[in-house]
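One structure is given here, and the rest of the page talks about it.
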Amino acid sequence: TSCSLIFPTCPPSMATESMEIDDSLYSRQRYVLGDNAMHQMAQSSVFLSGMGGLGIEIAKNIVLAGVKAVTLHDTKVCETWDLGSNFFIRKDDPLNLYHRVEAVCSRVAELNPYVHVDISSSILDNNTDLRFLQKYQCGNKFGASCPPQFLSCDAFGVCVRVFCDFGDEFVVSDPTGEEPKEIFIQNITQSNPGVVTCMDNRPHGLQTGQSVVFREVNGMEELNGTVQHVSVLSPHSFAIGDTSQLQPYAHGGFVFLMKTPKTCRFVSCSCDTLKHIFLNPSHQAPLQIHAAMLALDTFQEEHNRLPNIGCLQDAEVLLKLTEEVSVNAELVRCLSRTARGTVPPLTAAVGGLASQEVLKAITGKFAPLQQWVLSPEEFLPRGDRYDGLRACIGESLCQELHKLRVFMVGCGAIGCEMLKNFSLLGVGLSKSSGEVCITDPDLIEKSNLNRQFLFRPHHIQKSKSTTAAEATYDINPDLQVEAHLNKVCPATESIYNDSFFSRMNVVVTALDNVEARRYVDSRCVSNQRPLLDSGTMGTKGHTEIIVPNLTESYNSHRDPPEEEIPFCTLKSFPSVIEHTIQWARDKFENAFVHKPSMYNSFWQNHPSPEVVLQAGESLEGSFQVIKLLNRRPSQWEQCIAVGRLKFEKYFKRKALQLLHSFPLDTRLKDGSLFWQSPKRPPTPVEFDLKDPLRVEGNDEPHAVPHFFWLSQDLSEEVVASILSEVRIPEYSPLDKSVETDETAKKPDLIKMPVNSEEEREAITHLEQAISTCERLQMNPQQFEKDDDNNGHVDFVASASALRARVYSIEPADRLKTKRIAGKIIPAIATATAAVAGLVALELIKVVGCQEFESFRNCFFNLAIPVVVLTEPAKVKKTMISNIYFSIWDCWTILGHEDFTLSDFMNAVREKYGIEPTMVVHGVKMLYVPVMPGHSKRLKLTMQKLIKPSLDRRYVDLTVSFAPEADDEDDLPGPPVRYYFSSHETP
């Protein structure tokens, strides 16, 4: 399958900055590309020639991305063969003799209402008048009269190639897309060159030759705003220009990396046959493949066709065409044998990469591929929809795929792409007793439609899993898809039990959080099932293959924990915008979630004041309720007053109090200033009705009515009138300590002792407050980032911006605030398609029972672009007393109702010849000899110690064993699975 694309050169000046972007659809992609790139795409038209498997992948991805228009070009009629590679061609299309481009046009157009999709079936060859391409303002391989902007892709069986030509001077505005980080300064020497040392010896991550901009430096203030070239000295220091004549450095300041545009030069396809730059430069493989594929081009020109499947004569003709260069004969024969075939996961992966190159050419965002990428994939080679696949992997492996039973957890972006790949591969066919079981508890949101291509606008608020299953049948009606709405977690272990996992051959995760992955991994290890994991973040993606007894598991490695913002930093000493956003997010959570939830919980346990009094318990929980009731607004004007007083408290008085505790000239014990980088002294903010930000920061009352069932809106003039009449109490500083220790944790609520008099007074307040209440119920507002009408993000954005102003921090716009506060993971369809294709390739290897050496984990970054394939981590073997075991091993002991802990210890000793010393179940220590009273437990039954549920067949116990030497620690062994009945079958 082949395709070619041409697209316009759209300089930034052509992009209309004022063009509105539909954030509800594009929010995740905006965080990847940025608004300027989005505007440029919305101005650009693409001509896409070739509607085979590779062409339809690219069409899907660039339409989801949101270009202005796409012209789909193809001259072929639908064949049954196409059903195995083109997921938008349906079963009846070949019977009706539809042209491929006609069959797919409406289905591609459904992906994005903002993209105009039209078709062309004109013949394109050397005799064609190509002037119509001038409206695309680009060149192509058919003629050189237009400015060159061209991309070509080919997938011939198990070999693929991508070629880019974006012209003689293609400017890349942002080569990496990485967000610049602020690097705080510890010191700058007064020398030539000046040496900058980072705060607390933190790594700066810079590279020699990059440029940085200085800000907020005290003393050596001449550096502020200047651009300096970096020469790296160590991970935490770097040299800049001559600072010997500048004022001495005093304190503070930071630098950030300046994005430097990069100019790329491309060579045209016609003169780039000998000199190439490859994405995968390992040894001679790319050159060999390139030579073989050039010979295949010549074969097509001479014979007007590809080599026939399995035709030895065609293979020898192709081999003869490579005689001028030294090419591996077996590689050429393999290419000849499979050239007509197609491997859908391979076209998906390459389609994702090529689509990203299209977006780069349009936007100038990210470094383009220069200029070829070639990829070989080795499978066992060998009229229905699977003929193309069969030509590459053989009939027997196709049949194994059809019989496969797959459990996929998650039906989001990766899940949709995986279901497409399953459909094209014929994974889980009903007639072969195969099955694809999918589960996802989530409903479809509008923001999903930008990447999760199986969903359409009319699916919003419907179940992801059931909708995805229905859409899958459109691609391949022969699949057997079972859709569930459950999470896979300990609470659903009765559904996804051992019997369920034993029915499945492979587990695929399409999840977005680590804890869920860890749990699914533990179930796979426990049940000896292969796991295929993957994930994306922006243009980055990774895949991990986990095979029983061959590789380590997902839980074998742990990423370092996310660095938390210290409590004192959030409360009093923010230095970057992330701190103020998190502070505002915490304020939202406390005011609109925690307090209302606590209030409701209190009244569930205390339905009336009398119950509180009769309970005779401490009124500790009552005081918070009394405070909420006493401050309960009964009129809209009171809501506004509450917001005004909160403004005074958080943006003026807190700053005044902090400056009272630590005046600007405060010094530490070593004589250095207290207020120096990264600490920023606050500046109190005066409330001003004319400042829109400060009125927006008063948004808290807009949320208050939801809790007390008030609903009234007033004009800005009336609100301003009410605010002007709010009485602000006079400020007087308090004598209280301020936490400055960055290691200190947020304190728990302090339990205050109360006497009987205070209790009686509290009850009186409680009765008085309740007597005026119509209902004892509040309505907590869970933070919802994707609803632009609920005011949640607006509240956080305004509060964060005001706090940033207090601390002289550059504020973030609403889009950035939404990403940070909502912990949104940037995402784009190109990376999702690529990662799912790579996973499906590994699935074929798992089904084919390949050896360890054939499996590959992958990390890629389509922005740079780079693709790194590595072998998985080999499973580690541990030895205890000449017995080897790994994470995949599980020892078993069969018990019965009267089986004691002592019987268990003896059974382990007799069966495995090792002395057990300690037994643990989860976090519960069943037997630890040094613990007091544990020796008495040896006589207790395992049933009494573990207390299993009625349906529990077994438990996995952690057992430690005696070391060989007395001075050594106990040795950990594999899990010991204890069955409660000897009738159970391990």
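By the 4.0 Å N-to-carboxylate-O rule, Arg680 lies close enough to Glu216 to be salt-bridged with it. A salt bridge is defined here as a Lys NZ or Arg NE, NH1 or NH2 lying under 4.0 Å from an Asp or Glu carboxylate O, and Lys446 with Asp786 fails to meet this definition.
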* Intermediate values then yes/no, ring-ring contact (aromatic ring centres under 6.0 Å, His included), Phe651 and Phe687 -> CA-CA 9 Å; Phe651 308 119; Phe687 186 81; 10.0 Å; no
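Under the side-chain hydrogen bond (donor to acceptor under 3.5 Å, both in side chains) criterion, Gln582 pairs with Asp586, not counting sequence neighbours. Residues passing the salt bridge (charged side-chain N to carboxylate O under 4.0 Å, His left out) test with Lys745: none are found, sequence neighbours excluded. Remark: Pro457 pairs with Leu449 by the side chain to side chain contact (heavy atoms under 4.5 Å, CB included) rule, at least two apart or across chains.
In this structure, Lys259 and Pro180 have side chains that are in contact, with non-hydrogen atoms separated by less than 4.5 Å.
The aromatic ring centroids of Phe588 and Trp583 lie 6.0 Å or more from each other. Taking the six-membered ring for Trp, Phe592 and Phe795 have ring centres closer than 6.0 Å.
No donor-acceptor contact under 3.5 angstrom links the side chains of Tyr26 and Asp35, judged on distance only.
A donor-acceptor pair is defined here as one N or O able to donate and one able to accept, closer than 3.5 Å; no such pair exists between the side chain of Glu742 and the backbone of Thr569.
Asp23 pairs with exactly one of Arg819, Arg30, Lys785 by the salt bridge (charged side-chain N to carboxylate O under 4.0 Å, His left out) rule, that one being Arg30.
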